[in-house]
Number of protein chains: 2
Amino acid sequence: MDDVETRELRYFVAVAEELHFGRAAQRLGIAQPPLSRAIRLLERRMGVTLLDRTSRAVHLTPPGEVLLTEARRALDAVEAAIRRTRKAARTTPRLTLALKPGGDAGLLRTILDRYAASPGAVPVDLAFRVGERAAMVRDGRADLALLHRPQNDLTGLDSDDLHTEDQVVLLPEGHRLAERATVSMADLHGEPMPRWPEARPGVTGHPVTDSNQLLHLIQLGRLIAVVPESVGEYLPPGLISRPVLDADPATLVLAWSQTSTSREVAAFVRAAVAG
Amino acid sequence: MDDVETRELRYFVAVAEELHFGRAAQRLGIAQPPLSRAIRLLERRMGVTLLDRTSRAVHLTPPGEVLLTEARRALDAVEAAIRRTRKAARTTPRLTLALKPGGDAGLLRTILDRYAASPGAVPVDLAFRVGERAAMVRDGRADLALLHRPQNDLTGLDSDDLHTEDQVVLLPEGHRLAERATVSMADLHGEPMPRWPEARPGVTGHPVTDSNQLLHLIQLGRLIAVVPESVGEYLPPGLISRPVLDADPATLVLAWSQTSTSREVAAFVRAAVAG
DNA sequence: CCGTGGCGATACCTTGGCGGTATGGATGAC
DNA sequence: GTCATCCATACCGCCAAGGTATCGCCACGG
C-alpha cells in the first residue's frame, strides 16, 4: 500500500473541514501552495478525486466524505497510541477517571475507598467533564469513565454496569405537567429537550454544555430534561421532578478501553463492581 | 502533540517484531543506520525508551509493548481509511461478504436472492475465509461478514442476529461420550478443543486453520469440537454428533463496520433480516 | 586471554521532497 | 471591463531521510 503519512491526513482533514485552502493552510501554519500540492499528491497516490475545486468553492466528493470520517478516526488512533505509550512510561502510575459532576449516583465515594484499600492501589485523578468522557477514554486521556447507557455511545469500550435507576423529568414550577404525579414519554412529545455534547448521532435538541446551564434553562421554562432520579433528588428552587413511568431506565456504567492491559485499571474495576 | 508519522510507526513495528535492527531494515527495504536513527528520534520525541538494546539483543520495554499494540491498531486504521476511500470511489459498487465455508446455516441462498431482487442491488462477491472475517470488515477488505456470537469478537462492528441454534459436540466413533445420547459442558472438561485463528483473546486450544483439518483431527481422536447443529448435520464417516444440552446457543450474525454509511450495505442488511 | 564475528551506533555525504515566495489563470461581483 | 478572490504553477532553498564506511561493544571459540 502506497504509504500515506499522518501529515497528509491532517492536511486533508483541515481542508475538508474548512473547505478553503487558504484558511486551512493558515490553520496548519503553512503556506497555501504546499498545501495544494500535498492534497493533489495525496489524490494522485490514492487514485481518487477527494475534492471538487472551482476557483470559487471547494466541495467534498463522496469518497472525500468517506476519507474525512476515516482519517479523523485514524488520526485519533495515532494520538491514542502516543498518549497510552507515554502513560505506560510513567514511573508512578496514576489513574484518571472521567465523570460528570454529580453523575456518580452517590457511589463514587465507596468505590474510591474500596479501591484505595485494595493492594497496589495508585492515586486516582478525577476529570470532571460534561461531554467527551467517552472520547477521553478512547484516546487515552482518561483510563476510566462513568457513563450512562443508553445515552452514551460505548463503541470501543468495555464496561461493567454499576447501578440502574429510573428516570424523572425536571420541570419548571408552573409547567403544564407539574400538577401530574407522574408522566409518560408520550406526554413529553414536542417539548424542547437538551442535547449534550457527544450525544449519539441522531439525538437532537437544544445544545447544552453544563448542568448548571441546563438547570437554569429549565427554570426559565426554555427546556425540560429527563434525568436519572438521583440527579433529581436535590433541586434548586423553582424546579420540580416527576417520575417518567415508561422511560428506559438509565444504567450507570464504568467504562474503560478495550485495549487496556493495565493492572491498575483491572484492579479499579474489580473494586467498583465488588459491591 | 509532536507529529508522529506512520512511517515511524511502521519502522517501530518492524523492529519490535523482529527484535533485530538489521532484519527489520531489510524487511523495510532500507539500510540499518537510518532505521536506528529513526527509532532513536522517535524515542526522543516521545520522551520514552521503547527498546532496551545491548549489542547482543534487543528487547521491548513495557511502554514499547504498549506502543506495539497501539501502533498496529493505528496503522490498521490508516489502511482502512485508504481502502474504504478507494472503494467509495468505484464507479460500479460491489459488496464483499466474508463467510466461513458452510457457515451460513443454509440461509445465504435466500438472503442473496432477496437482496438481488431489491431495488438498486449490486453484485455481491463472496470471500470464503475461516478466520480473519471480522478483521476483513474492520479494515475494509470486506463490507459484510457472517460471524458467530459469542465465538467472534464483534468489537467495532454493528450486527444483526440472523439465526440462533443449539450446539452439538463432534466426536470420533468410539469416543467415551459416544454412547451417551446427550452430553453437558461439564462432560467435556479436559478434552482437547480447537482454537480458530482470530478467536477472542483468552480462548485456548489446539490451533486449527480450516474445517477439513478440524474434521480430520477429530476423526483421528486428537480433538473434539463444539459446533452449531447445522454444521453437524452432514458428517463424514467416522464422526458423530451429540447435543450439548447446556452450551450457550450460537447465534449467526451479519456484521458490518460501524462507520459504514454505504447505501448498499444498508440494503443488504435489510434484505437479510427481512425474513 | 586473545582473535573473531555479529550487531547497533556514529560520522559523513547525497539528494529528494517539503515549504516558501512570486505569479498565473479562472471565475464571480459590480 | 475591472477588480477581488482563490486555487494552481513555477521556481528556489534547505532540512532531513537514506546511503556508505566505520567504530565500539560484547559473546564466544580456541
Side-chain angles (χ1 to χ4, degrees), chain A residues 1-61 63-65 67-68 71 75 78 82, chain B residues 1-61 63-65 67-68 71 75 78 82:
Chain A
M1 179 90 17
D2 343 48
D3 309 339
V4 170
E5 296 299 326
T6 60
R7 181 180 50 83
E8 310 182 80
L9 295 181
R10 275 191 293 271
Y11 285 7
F12 173 75
V13 169
V15 175
E17 285 177 354
E18 300 283 347
L19 292 177
H20 190 291
F21 281 75
R23 278 196 298 275
Q26 197 171 1
R27 189 173 118 188
L28 293 165
I30 65 171
Q32 170 257 317
L35 178 58
S36 288
R37 195 182 41 186
I39 299 292
R40 187 161 293 280
L41 212 69
L42 179 64
E43 288 181 317
R44 294 192 79 101
R45 273 198 313 205
M46 297 197 45
V48 173
T49 302
L50 301 168
L51 297 160
D52 277 333
R53 359 173 163 17
T54 70
S55 62
R56 281 329 260 183
V58 175
H59 297 290
L60 281 168
T61 62
E65 300 269 7
L67 185 59
L68 177 56
L75 291 174
V78 172
I82 297 168
Chain B
M1 180 86 21
D2 344 46
D3 309 342
V4 170
E5 297 299 325
T6 60
R7 181 182 49 85
E8 309 182 82
L9 295 181
R10 275 191 293 271
Y11 285 6
F12 172 74
V13 170
V15 175
E17 284 177 354
E18 300 283 348
L19 292 178
H20 189 292
F21 279 75
R23 277 196 299 276
Q26 198 170 2
R27 189 172 118 188
L28 293 165
I30 65 171
Q32 169 258 317
L35 179 58
S36 289
R37 196 181 40 184
I39 299 292
R40 188 161 291 283
L41 212 69
L42 179 65
E43 286 181 320
R44 293 194 80 100
R45 273 201 314 212
M46 297 196 45
V48 174
T49 302
L50 301 169
L51 298 160
D52 278 332
R53 355 165 160 28
T54 70
S55 64
R56 283 326 261 184
V58 176
H59 298 289
L60 281 168
T61 61
E65 300 268 8
L67 185 59
L68 177 57
L75 292 174
V78 172
I82 297 167

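Residue numbers begin at 1 in each chain, while the letters A, B, ... track the order of the sequences.
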Checklist outcome for this item: When rounded to whole Å, the NE2 to P distance for the pair B/H59 and C/dC7 reads 14 Å

Next on the checklist: Without decimals, in angstroms, what is the distance between A/R53 CZ and C/dA26 P?
Outcome noted: 16 Å

Checklist entry - Can you check the A/R44 CZ to D/dA8 P distance for me, whole Å? => result 13 Å

Item to check | Whole-Å gap separating P (C/dG8) and CZ (B/R23) | outcome: 8 Å

Checklist outcome for this item: B/L19 atom CG is separated from C/dG6 atom C1', nearest whole Å, by 16 Å

Next on the checklist: According to salt bridge (charged side-chain N to carboxylate O under 4.0 Å, His left out), who are the partners of A/R44, at least two apart in sequence or on a separate chain?
Outcome noted: none

Item to check | Contact state string [nucleotides 11-21 of chain D, B base, S sugar-phosphate only, - no protein heavy atom under 4.0 Å] | outcome: ------BBBBB

Item to check | Cation over ring face, A/R7 and A/Y11, 6.0 Å, 45° | outcome: yes

Checklist entry - Side chains of A/L50 and A/L60: closer than 4.5 Å at any heavy-atom pair? => result no

Checklist outcome for this item: On a heavy-atom basis, the closest approach of B/V58 and B/L19 is O-CD2, 3.5 Å

Next on the checklist: Do B/E65 and B/T61 pair up side chain to side chain, a donor and an acceptor below 3.5 Å, judged on atom types alone?
Outcome noted: no

Checklist entry - Below 4.0 angstrom from OP1 or OP2 of D/dA8, is there any side-chain N or O of A/S36? => result yes

Checklist outcome for this item: note: B/H20, atom NE2; C/dG6, atom C1'; distance rounded to Å ~ 8 Å

Item to check | Nearest-angstrom distance from the residue atom CZ of A/R40 to C1' of D/dT9 | outcome: 10 Å

Next on the checklist: From CD of B/E18 over to P of C/dC7, roughly how many Å is that when rounded to an integer?
Outcome noted: 12 Å

Next on the checklist: Assess, by modelled atom type and distance only, whether the side chains of A/E5 and B/T6 contain a donor and an acceptor separated by less than 3.5 Å.
Outcome noted: yes

